[in-house]
Amino acid sequence: MASPTNREALRANGGRRSKKQWDPVGAGNYGGDAMRDFPERHSAYLSMRADARPDTRSPAAFLRWIVLSQRDVLGAALVVATAWMVPQTLGPWLLGKTIDAGIVPGDHAATTHWIAWLAVVTIVGAACGVLFHTLVVRSWLLALYGTTHLITNKTLQLGHVLPQRTPTGEVLSVSGSDGDQFGSFLEILIRAASQFVAYLVVAAIVLSTSMPLGLLLLLGAPLLVFAATPLLRPLERWQRIERSRNSDLTSQATDIVAGLRILRGVGGEATFGDNYARQSQRVRHAGVVAGVWQAVIDAVGVLLSGVLLVGLMYLGVREVAHGRLTIGQLIAFLGYGLFLVQPMRSFFELAHKTTRALVSARKTIAVLQQEPPWRAPDEPVRLDPTGDLVDEASGFCASGGRLTMLVCATTDDAAALADRLGRYLPGSTQEAVSEELPEELKGLAARAESSRRATARAERAVRDETVARRSWGVRLGDVDLSRADLGHLRETLLVSDTGAHLFAGTLQQAIDPHGALTREQAETALHAAAAEDVYDALPGGWQGVLEERARGLSGGQRQRLVLARALATDPPVLVLVEPTSAVDAHTEARIGVQLPVARRGRTTVVATTSPLLLRHADEVALVIAGRLVAAGTHEKLMSAQPRYRNIVLRDGESAQVQR
């Protein structure tokens, strides 16, 4: 290529900050601040204010909270919707007046007069309809993205605890589809309320015209709606099943995508694809059954509306025959009968969407009700980042300001100790409960599952209360980690393990997600992680775009970017878990030389069994079965500890075969 490489371009720039190569993260991506004011962000779960949190006592209470949180928008929408519907109720009355006062007697002036009024109310209704649509879309978006904000805030509050309690697919379904259900519920709520006002106006008009017809309208419509309510229970049940199965399907898709490379390596993509297809068919079946019940409810709504219309017209014709109604009034009643089909359908739709919203609310509050397993200390203590990092359970100690490497028999043991050092809860598994049971066992299974979940919640509450009250068992200096504020702890001590993710975005955003670094600082971190080749491979340098999870890069490149991000954060205390397990030997040797330089003077713990890294440690600790066995230099342990030698040499031999 004629053009220089990205690195050469950086050197040619003389170290100056180049906007083309290093933009402030996020600048120019959103079209200015004007695009960020809607919808407003929720502070729930990220602040100590209790009034900012939604009401999660029950699904109905949560829906009520959503309505009250939008009372300004919904109030304006209700006023406009009423102004949209009421003119429609005046239309049949004005048409009847036009016939009786103008057409029947042949009075052209009266005809023109009433037609003009009919045109005015039509124009007003049309204008209010446009404004109502604008407001109800705003309300829908507030509900949709507001739910996403709440789930995001709860995810940030719980952190690594949330995936241990709730499947990832469930969280994604709540954040997306359930928020949409809340928006749909608010739309039909306002529309049905405005049509109820219109229904009262119609009832008042017909009562003043004919008492029998007015009573038929006033009492018949609610009774017909009430008669169809038993159909809502099976609809709710199958919608709940569809919602649960769809959540499981989303979880399967997430797991398949995350492990696709491994599945292809072992030839398991067909098996998992068949499992996904079967689960997809279960979702389809539940959706079809729910759709059948929805169709039945819609058909009943049309049928009952037709029954009301037939009864209304029958009585109206009799009233005309007896001379108690005029032709114009009869035509007006016909118009009202046709008009009332719309409110009747809206009332049925309200019942249906309320049912769906309650199902979604039940799933949403199941996520939002979860609380962190620890409490903020009454009197937080500041941590001393220069002190020793000591784990009382194992006896492991990392001296302050030194590079300590941790050798364990298995990677899981190392990850568990690293989690404890960073005050992270250990992982846990959740039991999957199948819905494919014989009919006679479904009730028993449902009760058993409900009891199991209640017991699990109680046990978790006791466990979380114990975690919140007892000391953590890891000290930084003389302070147990439980006595420090969690936010302060996360700023002081960073754990970067093999499960760390890279998100879609530019290379700069991957290394410096907070936009706090200069270009020189980012280059230093990239160099320490031996990741310059990633910079060279991306068109655009720092502004080169990474795909989701950086899947366009090799495993070793992704791992080195994660390491570079951790080093760029420059925390006072850094814990790394197998940072070079996917890196070739030559690059790993470079990292072994550069890592101590990048972390000089700051406490660093590296869990690894690679001799290319261990030789550069100030001290190495051997932990087996959760207990410290020996500590010293790499050379000393190699000569004096057979178990240490076996672990390190086994890893070195397997690495040579792999590389």
Side-chain angles (χ1 to χ4, degrees), residues 39 42 44-45 49-75 77-78 81 136 139-151 153-154 166 170-171 173-197 222 225-244 246-247 290 293-294 297 301 343 346-371 446-447 449-450 453-454 457:
H42 289 280
Y45 309 114
R49 291 175 50 209
D51 59 343
R53 298 192 174 191
D55 188 345
T56 58
R57 291 174 296 177
S58 67
F62 181 73
L63 290 182
R64 183 169 58 250
W65 175 85
I66 291 178
V67 173
L68 293 177
S69 66
Q70 294 193 34
R71 51 184 172 269
D72 296 339
V73 176
L74 294 180
L78 179 58
V136 81
S139 173
W140 194 312
L141 293 177
L142 284 172
L144 174 60
Y145 292 109
T147 304
T148 301
H149 286 161
L150 287 175
I151 297 300
N153 291 355
K154 175 57 69 171
T166 306
E170 180 72 9
V171 177
S173 295
V174 170
S175 179
S177 60
D178 289 324
D180 193 58
Q181 293 299 330
F182 300 143
S184 178
F185 164 73
L186 293 179
E187 185 272 336
I188 187 57
L189 178 65
I190 296 301
R191 181 153 49 89
S194 66
Q195 291 180 353
F196 178 72
V197 174
V225 172
F226 181 75
T229 52
L231 298 173
L232 295 177
R233 180 169 294 180
L235 174 64
E236 180 183 5
R237 174 176 176 269
W238 279 102
Q239 286 178 343
R240 186 169 61 250
I241 293 175
E242 178 192 11
R243 171 66 179 74
S244 177
N246 190 61
S247 175
W293 281 108
Q294 178 59 50
I297 291 176
S346 294
F347 297 152
F348 280 107
E349 186 179 354
L350 174 63
H352 162 56
K353 291 190 175 179
T354 300
T355 301
R356 293 188 68 94
L358 288 172
V359 172
S360 295
R362 186 175 294 109
K363 295 290 185 179
T364 302
I365 64 176
V367 177
L368 297 180
Q369 284 177 336
Q370 301 182 47
E371 293 296 331
R447 290 192 294 272
E449 172 62 10
S450 177
R453 290 179 178 176
R457 284 196 298 269

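Here the structure is a predicted model, which is why all the values come from computation and not from measurement. Heavy atoms only: backbone and side chains are in, while hydrogens, waters and symmetry mates are out.
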[X] side-chain N/O to [Y] backbone N/O, donor-acceptor pair under 3.5 Å:
| X | Y | value |
| --- | --- | --- |
| Ser175 | Ile151 | no |
| Ser184 | Asp180 | no |
| Gln369 | Thr56 | yes |
| Asp55 | Arg57 | yes |
| Ser69 | Trp65 | yes |
| Gln370 | Ala366 | yes |

Taking the side chain as every heavy atom from C-beta outward, state whether [X] and [Y] have any atom pair closer than 4.5 Å.
| X | Y | result |
| --- | --- | --- |
| Leu368 | Thr364 | yes |
| Leu186 | Trp140 | no |
| Lys154 | Glu371 | yes |
| Leu144 | Phe182 | no |
| Gln181 | Lys353 | no |

Rounded distance [0.5 Å steps], [atom1] in [X] versus [atom2] in [Y]:
| X | Y | atom1 | atom2 | answer |
| --- | --- | --- | --- | --- |
| Ser360 | Leu63 | OG | CG | 8.5 Å |
| Leu74 | Leu189 | CG | CG | 7.0 Å |
| Ile66 | Arg71 | CD1 | CZ | 14.0 Å |
| Ser58 | Arg64 | OG | CZ | 6.5 Å |
| Arg356 | Asp178 | CZ | CG | 9.5 Å |

Nearest heavy atoms of [X] and [Y], plus distance in Å:
| X | Y | value |
| --- | --- | --- |
| Gly179 | Thr147 | CA-OG1, 3.7 Å |
| Phe185 | Ala357 | CB-CB, 3.8 Å |
| Gln70 | Leu142 | NE2-CB, 3.5 Å |

